[in-house]
Number of protein chains: 4
Amino acid sequence: MPKITESQRETRRQQILDAALRCFSRDGFHNTTTADIVRESGVSQGTLYLYFTTKDDIIVALADDRRHGDALLSALAQSEQDAVDGLGLLLEFYGRSLSDPNRTDSRRVSIQGWAEALRNPAIHASIVGNTAAVRRQIAALIARGQADGQVRADVDPDGVAQTLIATFQGLTLQASLGEVIDLAAIGRTMDGMLLGLLTPAGRAAHA
Amino acid sequence: MPKITESQRETRRQQILDAALRCFSRDGFHNTTTADIVRESGVSQGTLYLYFTTKDDIIVALADDRRHGDALLSALAQSEQDAVDGLGLLLEFYGRSLSDPNRTDSRRVSIQGWAEALRNPAIHASIVGNTAAVRRQIAALIARGQADGQVRADVDPDGVAQTLIATFQGLTLQASLGEVIDLAAIGRTMDGMLLGLLTPAGRAAHA
Amino acid sequence: MPKITESQRETRRQQILDAALRCFSRDGFHNTTTADIVRESGVSQGTLYLYFTTKDDIIVALADDRRHGDALLSALAQSEQDAVDGLGLLLEFYGRSLSDPNRTDSRRVSIQGWAEALRNPAIHASIVGNTAAVRRQIAALIARGQADGQVRADVDPDGVAQTLIATFQGLTLQASLGEVIDLAAIGRTMDGMLLGLLTPAGRAAHA
Amino acid sequence: MPKITESQRETRRQQILDAALRCFSRDGFHNTTTADIVRESGVSQGTLYLYFTTKDDIIVALADDRRHGDALLSALAQSEQDAVDGLGLLLEFYGRSLSDPNRTDSRRVSIQGWAEALRNPAIHASIVGNTAAVRRQIAALIARGQADGQVRADVDPDGVAQTLIATFQGLTLQASLGEVIDLAAIGRTMDGMLLGLLTPAGRAAHA
DNA sequence: TATGAATGAGACTTCATTCAT
DNA sequence: AATGAATGAAGTCTCATTCAT
């Protein structure tokens, strides 16, 4: 007989996570104190530990947040017909992710998550697992393109997927470091790279 | 009136930095104590502060280590003749960087440096500065290729440079997270991407 | 206007005390949290405070538990005829107390009560009061023996009583520390001590 | 190449232990904060942890303090000739221990040590070990008396030793609880008990 | 120059207690 | 009466940095 409903609990938990995200983004994980999160979230010190067992647990929870990756995956899944269209969707999705001002904190915290993943198995698993799902999906898309004859047979679908992901990880880093990301230019470049690589005649993308 | 020579001092300093690199790689920056570095380096607690004013100063020094980037730059500079050859050199250099077991600690610490750069201006400047130099050099190489007619005129040299760097940053991350980096596969993929993008006819690389 | 009967209330209270006794015995008073008692007793956190105003109040209640001392006193009171028989009864009673496996928790918590009594007046009063009653009763028994001529006139009844109690306190401690208590051997020793001390000719006990 | 000598270190350590003893005696172990010990000892918070790894470690060190037990043992060892004299020495020694105002804190902390010993193996080992040594020595003394014909052959040396120790433990408790310890009366009682028990004719002690 | 003992501010976490439901 | 979520004060321990030797 719980005193609060599951949804109230979830709301409270999210309220803490949102506050933590802002704090971590602003000050970094290790320079954020639980007192900071408490102040930012409006809950009490004790309540924090009613929802998370540990400060580390909070980052893990942030890293585990599948909402973003899931959106990508389902976007990709929709493009079951055409591989090239699917890749276009992918570029678009990532492009938005890179520049969406609502995701600034998310991007900055991701980078801290990478650093933590080097020594925190839970975060490591979360990141690697999330990446692997996307990578499989992209590789499958390319393989489908090969089966359809849309994509050259001699490219390695998984290698391309891995490389694409790496590129977006690097761009995420650069965006967070304040490098200007000219989405149009990057988009053209990546379009050109992919189509040059994948299409039999190097036909222009979307053209 | 220094009691030790400049070179003795430099040796000592490097000894501390080497120890710090091992510690940071193993435990992360924030989970490494100055006591750890002292233990690993063999110098005393007090001595540490004769060479670095602050623990943060040690990461800054590691981030500032230009030795690696400089090697890349000079390698690139040598290929003044042929843009395509220059890019080949670049891929080779980065490929080695990614897989060189002697650079494992370096790669891991780089990632932590990225996280620190978000809030430490000195590290930020160091990373961004280092990247910018490489990026300029690559863009120049491509522009030279365009001037020579080797490279398509409608590509954006800087966009390509930025993208390339991003990709290698992402691969560095993946390597440190334990993802298998199949250098041959990645190399073929990147070769294909670059040549598909850059060369007028999408001619095969090095073929 | 109570919503539960007095006996329901008493049952509930005892249920909490029993749980607390197990917890305190296992983990010590200060390492037992109210949450532990809640878990062990099956009542809720809030309910605990309907029955006890404070965690300290729970130990006080346990220390105040007169059931054991009362049993001793009434046993002693029954032996109004013969002092030597009365002392025999006493040894028997204490011997059982020391070895009764049902009283293991009780003994362990007693020792913690001693430590608490040093700074908690209520517990102090409870322990000292309980001891004093027993001590008076024993001294009275001996004095009666002196009046009857059963016991040497030159012994100090109160000194003997105090010493006897001390011995049993020490044995309680030793039992709880895991020392083997050979009841037969201890019984013979104490029998010998008492009779050697008390009886005019040092006649053998119960012989 | 230590900066302080072993003896300086030992002095500092003892200074902390002395302060801790006062604090524990006054407020109890669990109601003493490390801040209290720091205040009372005059060292800094950090220094405390240079000498003890843990707050628990401080009690263990206090329990481990063999100085008192050793004094008793060597006193007993001196009385190699006469068992009855040896026991007299023992009573005297314990009598002084019980009433020595310089040992008030020690006695109070002992009782807390008993409570801790129930769940702290190091303290348990310390107390039990210390007691065992004394017990062996007393039993040996009595056995020697039996060999000499001074002591009745039918008493159990170890049982007597254990009982004696128990009595003094109990008296320590009572003394700390504020019970008046009339040393003369207790001494006569114990003298009578021991001699009634041990001597063939129940001859008067020291008479 | 080098040392390492000392410092003390501050972090994370626990837990007795309360109170709205 | 009973519940259990919420509270926040407080405690232990760590660690970057200093400074007398």
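A quick note: this is a predicted structure, and the numbers were derived from the prediction, not measured. Just so we're on the same page: letters track the sequence lines, and every chain starts at 1.
Residue D/Thr47 has a polar side-chain atom (N or O) positioned under 4.0 Å from OP1 or OP2 of E/dT7.
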Could you write nucleotides 16-21 of chain F as a row of B, S and -, 5' to 3', where a protein heavy atom under 4.0 Å of any base atom gives B, of only sugar-phosphate atoms gives S, and otherwise -?
BBB-BB

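Across all strands shown, B/Arg9 has no heavy atoms under 4.0 Å from either base or sugar-phosphate atoms. Looking at heavy-atom distances under 4.0 Å, A/Phe52 makes no contact with the nucleic acid at all.
Going from atom CG of B/Asp27 over to atom C1' of F/dC15 covers 15 Å, rounded to whole Å. If you take CD1 of D/Ile59 and P of F/dT12, they are 12 Å apart, rounded to a whole angstrom. Residue D/Arg13 contributes atom CZ, which lies 17 Å from atom C1' of E/dA5 at whole-angstrom precision. Between the P atom of E/dT7 and the CD1 atom of D/Ile4 lies a distance of 11 Å, rounded to the nearest Å.
Judged by a 6.0 Å distance limit and a 45° cone about the ring axis, B/Lys55 is positioned over the six-membered ring of B/Phe29. Cation-pi geometry between B/Arg108 and B/Phe24 is not met at under 6.0 angstrom from the ring centre and within 45 degrees of the axis.
Note on C/Glu40 versus C/Arg26: salt bridge recorded, some NZ/NE/NH1/NH2 to OD/OE distance being below 4.0 Å.
For C/Arg12, whose side chain is taken as the heavy atoms from C-beta onward, the closest listed nucleotide among F/dT7, E/dA2, F/dA2 is F/dA2. With E/dA2, F/dA2, E/dA5 as the candidates, the nucleotide lying closest to the side chain of B/Leu50 is E/dA2.
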Could you provide the dot-bracket string of DNA chain E, using ( ) for intrastrand pairs, [ ] for crossing pairs and | for bases paired to another strand, with Watson-Crick or G-U pairs below 3.5 Å?
.||||||||||||||||||||

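A perpendicular orientation is assigned to the rings of C/Trp114 and D/Trp114, their planes being inclined by more than 60° (bins at 30° and 60°).
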